[in-house]
Protein chains: 2
Amino acid sequence: MQASMNQIVTLDKDTWGLLRNVLVEHQLVKGDLLLKPGQVCKHIFFLQTGLLRSFYLTDGEERNVAFTLENSFVTDMKSLRSGQPAQLSIQALESSTLQSIPKADLLGLYERSHHLEAFGRRLLENLLEEQEEYAAWFTLYSARERYNRLVKKQPDLVQRVSLGHLASFLGIRRETLSRIRKLK
Amino acid sequence: MQASMNQIVTLDKDTWGLLRNVLVEHQLVKGDLLLKPGQVCKHIFFLQTGLLRSFYLTDGEERNVAFTLENSFVTDMKSLRSGQPAQLSIQALESSTLQSIPKADLLGLYERSHHLEAFGRRLLENLLEEQEEYAAWFTLYSARERYNRLVKKQPDLVQRVSLGHLASFLGIRRETLSRIRKLK
DNA sequence: TAAAATCTGTGACAAAAGTCAAAAAAGAAG
DNA sequence: CTTCTTTTTTGACTTTTGTCACAGATTTTA
């Protein structure tokens, strides 16, 4: 966790100490839910090993909106900030190890440590950039183009995630992705 | 600007003084470009009055990915952070007044003021939340549903923006939006 | 490893959205 | 006002994607 956080901002020893104090380790097995709709999301999570998906359940259909690969952070920003019950679910697609940071502790640490606040800001810039790119794909590219770009951008992800989950993330039906794959 | 920034974090007088020092006012008339593809984006902008759109130009087609209403911030996060030439264009849809903050100054201020850094972090959380919602609409809803939700969420925007620009933002053709409007 | 469950591929057809062309409407400019 | 320009609407047709049903594969698990 330290190594991958240092790629964003190098934190001093004191800040690390503070942060380490509030971390709690979790283990999930494939299929476990880290966040269920109706729950208030009160943590941010750092995924050490494994793979997660974030999805909405609307009229009986699950729609993936994100995958989380190892060494990255995940939460439901909307529920976390508002304190309202989540609409989102977060589920382990593979057995996973992660650290959680309670919201209350994080806010305290942000106040105490300018460095950590700077880390938070830069992490959010990263996430925003990614999210802007993901959204733009829908207006800029066809289903087939989105798939091709995903393969180029995250070949590892495409290997590890089932066709059905990928299709949902790309905003298309399993059958359509199956056909896209066949014809090239 | 102070009023709308205070809704995010209340900044102390000193920080305000620092920030005010680096602001530069700009006027745009309808049609003016604030950012052109190929330019490196070196500022963040605060829109005081007017209306902007952000769009990509791909094979001769303009595709809108965002609108900026008064009292909000806008930039090309990707170009700003990477220092690479922008792909994005930002254009005034109405005559606009805005303040710009040079990247170099902003980074300096972030270091000097923990408060401003906190402001930045919270602003980014807002932007991320919005962007996540926008992206999710494409996987969750049909063209017609996206349009209906936009009308409910930002009726003001729907009034002020032409059908063509709205359609592009929703990821559909003008003709399709025209038909959606007719049939209800 | 056999049976069950889940996931993927395929075909035939339906629905949604795109394309192209042209007319109508609305807005800007002299 | 009247003309010019841009935007919106409409119709006919095409393409893309979705739907449903079912057959093969693959994976899980007992």
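Below, chains carry the letters A, B, ... as their sequence lines are ordered, and counting in each starts from 1. Quick caveat, the model's predicted, so the values are computed rather than measured.
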task = Using whole Å, report how far CZ of R144(B) lies from P of dA15(C).
result = 14 Å
ask   = Can you find a donor-acceptor N/O pair under 3.5 angstrom joining the side chain of R179(B) to the base of dG11(D)?
value = yes
Q99(A) vs M1(A) side-chain heavy atoms within contact, under 4.5 Å = yes
message = Between C1' on dG18(D) and CD1 on I180(A), what's the gap in Å once rounded to a whole number?
response = 12 Å
inquiry  = In this structure, how many angstroms lie between the C1' atom of dC20(D) and the CD atom of E61(A), rounded?
reply    = 13 Å
key: Cation-pi check, R144(A) onto Y147(A) ring (under 6.0 Å, within 45° of axis)   = no
Residue that, paired with E133(B), satisfies salt bridge (charged side-chain N to carboxylate O under 4.0 Å, His left out) out of R146(B), K153(B), R149(B) = K153(B)
inquiry  = Would you say CD of E111(A) has more than 12 non-hydrogen atoms from neighbouring residues, nucleotides or ligands within 6.0 angstrom?
reply    = no
query = Would one find more than 12 heavy atoms of other residues, nucleotides or ligands at under 6.0 Å from atom NZ of K103(A)?
reply = yes
request  = Report the distance from atom CZ of R63(A) to atom C1' of dG18(D), rounded to the nearest whole Å.
outcome  = 11 Å
ask   = Which whole-number value in Å describes the distance from L170(A) CG to dT16(D) P?
value = 17 Å
inquiry  = Is the phosphate of dT8(C) approached by K182(A) (side-chain N or O, under 4.0 Å from OP1 or OP2)?
reply    = no
key: Atom-pair distance (CG on L183(A); P on dT15(D)), nearest Å   = 15 Å
task = Give a yes/no answer on whether the side chain of R173(A) brings an N or O atom under 4.0 Å of OP1 or OP2 in dT19(D).
result = yes
Proximity to the side chain of S162(A) - top-ranked nucleotide from dT8(C), dG9(C), dT10(D) = dT8(C)
request  = Specify the separation, in whole Å, of atom CZ of F138(A) and atom P of dA17(C).
outcome  = 15 Å
inquiry  = Rounded to whole Å, please give me the gap between CD in Q159(B) and P in dA26(C).
reply    = 15 Å
key: Sugar-phosphate, base or nothing in reach of G31(A), heavy atoms under 4.0 Å   = nothing
query = Out of dC20(C), dA28(C), dG9(C), which has the shortest distance to the side chain of E175(B)?
reply = dC20(C)
ask   = Which of these nucleotides, dA17(C), dA12(D), dT17(D), is closest to any side-chain atom of S142(B)?
value = dA17(C)
Given dC7(C), dT17(D), dG18(C), the nucleotide with the shortest approach to the side chain of T176(A) = dT17(D)
